Amino acid sequence: MNVSCDGNIVTVDGVKDFRLSQILECGQCFHFDKLDDEVYEVIAFGRAVKMEQSGGVLRIYGSSMEDYEGIWRPYLDMDNDYGLIKESVIKADSALQTAVNEKDGIRILNQDFFETLISFIISQNKNIPQIKQCVKNISHRFGDEVIGYNGEAFYVFPDVDRLHEVTEDELRECKVGFRAPYIMNATEAVYSGNVTKEKLDALDIEQARELLMTIKGVGEKVANCVLLFGLGRREAFPVDVWMKRIMESMYFDGKDTKKLEIEAFAVKKFGNLGGYAQQYLFDYARTTLFK
DNA sequence: AACCAGGTCGTGA
DNA sequence: TCACGACATGGT
């Protein structure tokens with residue numbers, strides 16, 4: 001993989017196991033716009049860049065080399081060998097072959113903890129387009145403006161300090177509905193220092209999940225999404241309605257099964273590959289199997 | 001017009 | 001512990 005920078009454009013040549021559309025649209029992140037096939041505006045970590053993939057070449061417009069090294073390389077999980085991960089997932093259970101083949105360009109992003117926390121609190125009982133709209137509403141209203149590569153203005157997700165100044169009514173105006181008090185509670189928990197990335201990083205996954213679940217509006221599923229996407233805990237295995245469906249059909253003879261039981265089964269079966277297995281299955285279930 | 005969406009909470013058995 | 005309705009919003 002060769003990385004170069006020309007002006008404000010970073011070119012990553014030789015990306016493998018990488019499909020931008022799959023990475024962004026598999027339901028793990030919500031702050032991006034599709035501009036064209038394999039061309040996206042991505043807003044994260046206080047930046048707005050245009051990413052474009054053609055074959056094995058990824059271009060990031062509006063990024064310095066420093067931003068690539070400090071932000072986009074870790075964000076895109078570039079130092080992880082997904083060829084090996086996919087091999088291991090299939091070795092854990094060959095029944096995942098179809099899902100992995102279908103979604104062979106997925107990578108798990110390393111997203112900002114606070115944005116991930118709030119985004120997945122919003123996600124409950126909403127579909128993905130609605131979640132994206134709420135995240136955009138909050139960012140547009142309370143986030144800092146940044147100028148994208150083409151000169152267009154974008155709004156980054158507000159940090160804890162900024163969101164802490166916002167009232168519940170202002171949140172409701174962003175169409176988050178009954179989740180507004182949950183967002184208030186989560187923001188207070190992080191702002192006050194009761195629940196921080198530093199604390200969570202120092203705990204084992206069970207204790208970290210417990211701490212996250214002290215936040216009102218954060219249950220088992222949301223906590224697992226935050227662990228997986230916002231804290232790099234790849235052994236987390238979130239079970240939502242889609243995962244419930246596909247896991248029941250694959251492993252429980254189509255019978256109605258508790259989400260906790262499904263999660264326990266998966267943790268045992270996939271171990272520290274659980275998060276990856278979950279994401280291949282989730283996207284496959286949602287876009288192909290049960291479409 | 002009911003039903004559903006990357007759920008969680010409070011309540012009552 | 002477990003089942004179940006409520007909760008905002010928008011799309012089919």
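Here is the naming used below: chain letters follow the sequence lines, and residue numbers restart at 1 for every chain. As a basis for the values below, the full set of heavy atoms in this structure was taken, side chains included, without hydrogen atoms, waters or symmetry mates. Just so we're clear, the structure is a prediction, and the values are computed from it rather than from any experiment.
Between B:dC4 and C:dA6, the distance separating the two P atoms is 15 Å to the nearest Å. Taking the C1' atom of each, C:dG5 and B:dC3 are spaced 16 Å apart, rounded to whole Å. Rounded to whole Å, the P atom of B:dT8 lies 24 Å from the corresponding atom of C:dG11. Of the P atoms belonging to B:dT11 and C:dA8, the separation is 15 Å, rounded to the nearest Å. Using atom C1' as the reference point in both B:dA1 and C:dT12, the two lie 11 Å apart (nearest Å). As rounded to the nearest Å, C:dC7 and B:dG6 have P atoms that lie 22 Å from one another.
Applying the ring-ring contact (aromatic ring centres under 6.0 Å, His included) test to every pair with at least one member in residues 209-234 of chain A, sequence neighbours left out, gives these pairs: A:Phe120-A:Phe229. Screening residues 76-91 of chain A for side-chain hydrogen bond (donor to acceptor under 3.5 Å, both in side chains), with sequence neighbours left out, gives A:Asp17-A:Lys86, A:Arg73-A:Asp79, A:Asp77-A:Asn80, A:Asp77-A:Tyr82, A:Asp77-A:Arg234, A:Asn80-A:Tyr276. Sorted by first and then second residue, the salt bridge (charged side-chain N to carboxylate O under 4.0 Å, His left out) pairs involving residues 143-163 of chain A (not counting sequence neighbours) are A:Arg162-A:Glu165.
Here the P atom of nucleotide B:dG6 and the NZ atom of A:Lys291 are 13 Å apart, to the nearest Å. Summarising the geometry, the separation between CG on A:Asn137 and P on C:dT9 is reported as 11 Å, rounded to the nearest angstrom. Residue A:Ile183 contributes atom CD1, which lies 14 Å from atom C1' of B:dG7 at whole-angstrom precision. Put simply, NZ on A:Lys132 is 19 Å from P on B:dA5, counting in whole angstrom units. The distance from atom CD of A:Gln124 to atom C1' of B:dC4 is 15 Å, rounded to the nearest whole Å. In this structure, A:Glu173 places its CD atom 14 Å from C1' of C:dA8, rounding to the nearest Å. Between A:Asn185 atom CG and B:dT8 atom P there is a gap of 14 Å when expressed in whole angstrom units. In this structure, NZ of A:Lys126 is placed 13 Å from C1' of B:dG6, rounded to the nearest angstrom.
Residues A:Pro181 and A:Glu168 meet the side-chain proximity criterion, which asks for heavy atoms closer than 4.5 Å. A:Ile128 has its side chain within reach of A:Phe30: a pair of non-hydrogen atoms, C-beta onward, lies under 4.5 Å apart. Counting only heavy atoms from C-beta outward, the side chains of A:Val3 and A:Met78 never approach each other to under 4.5 Å.
Qualifying side chain to side chain donor-acceptor pair (under 3.5 Å) partners for A:Glu261, counting only residues two or more places apart in sequence or in other chains: none. With sequence neighbours left out, the side chain to side chain contact (heavy atoms under 4.5 Å, CB included) criterion links A:Asp256 to A:Lys244, A:Glu248. Residues satisfying the ring-ring contact (aromatic ring centres under 6.0 Å, His included) test with A:Phe32, not counting sequence neighbours, are A:Tyr40. Partners of A:Leu231 according to the side chain to side chain contact (heavy atoms under 4.5 Å, CB included) rule, which considers only residues two or more places apart in sequence or in another chain, are A:Phe113, A:Lys197, A:Leu200, A:Asp201, A:Leu212, A:Val226, A:Leu227, A:Arg233.
Within residues 226-253 of chain A, the residues approached by DNA chain B to less than 4.0 Å at the level of any non-hydrogen atom are A:Phe229, A:Pro238, A:Asp240, A:Val241, A:Trp242, A:Met243, A:Arg245, in residue-number order. For residues 95-122 of chain A, proximity to DNA chain C is found at no residue, defined as any non-hydrogen atom under 4.0 angstrom from a strand atom. Within a heavy-atom distance below 4.0 Å of DNA chain B, the residues of residues 19-34 of chain A found are A:Cys26, A:Gly27, A:Gln28.
Taking 4.0 angstrom as the limit, A:Arg172 places a side-chain polar atom (N or O) nearer than this to OP1 or OP2 of C:dA8.
Under the 3.5 Å distance criterion, the side-chain polar atoms of A:Arg209 are left unmatched by any main-chain donor or acceptor of A:Ala223. Side chain of A:Glu25 to main chain of A:Lys34: no donor-acceptor pair is present (N/O by atom type, distance under 3.5 Å, no hydrogens or angles).
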Worked check of side-chain contact (heavy atoms from CB on, under 4.5 Å) between A:Asn125 and A:Arg179: CA-CA 10 Å; A:Asn125 218 44; A:Arg179 305 155 194 82; 4.1 Å; yes
Stepwise side-chain contact (heavy atoms from CB on, under 4.5 Å) check, A:Thr257 with A:Phe265: CA-CA 11 Å; A:Thr257 308; A:Phe265 172 85; over 6 Å; no
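Residue A:Tyr251 places its OH atom among more than 12 non-hydrogen atoms of other residues, nucleotides or ligands, all under 6.0 Å distant.
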Considering only nitrogen or oxygen atoms on both sides, find all protein atoms under 3.5 Å from nucleotides 9-13 of chain B and state each distance.
from: B:dC9; atom 1: OP1; to: A:Gly217; atom 2: N; distance (Å): 3.1

Check: protein-nucleotides 10-12 of chain C nitrogen or oxygen pairs below 3.5 Å:
from: C:dG10; atom 1: O4'; to: A:Gln130; atom 2: NE2; distance (Å): 2.9

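As judged by a 4.0 angstrom heavy-atom cut-off over every strand, A:Glu220 is placed among residues touching the sugar-phosphate backbone only.
A:Asp283 pairs in a side chain to side chain donor-acceptor pair (under 3.5 Å) with only one of the listed residues (A:Gln28, A:Lys103, A:Gln22, A:Gln278), which is A:Lys103.
Taken to the nearest 0.5 Å, the CZ atom of A:Arg141 stands 9.0 Å off from the CG atom of A:Leu171.
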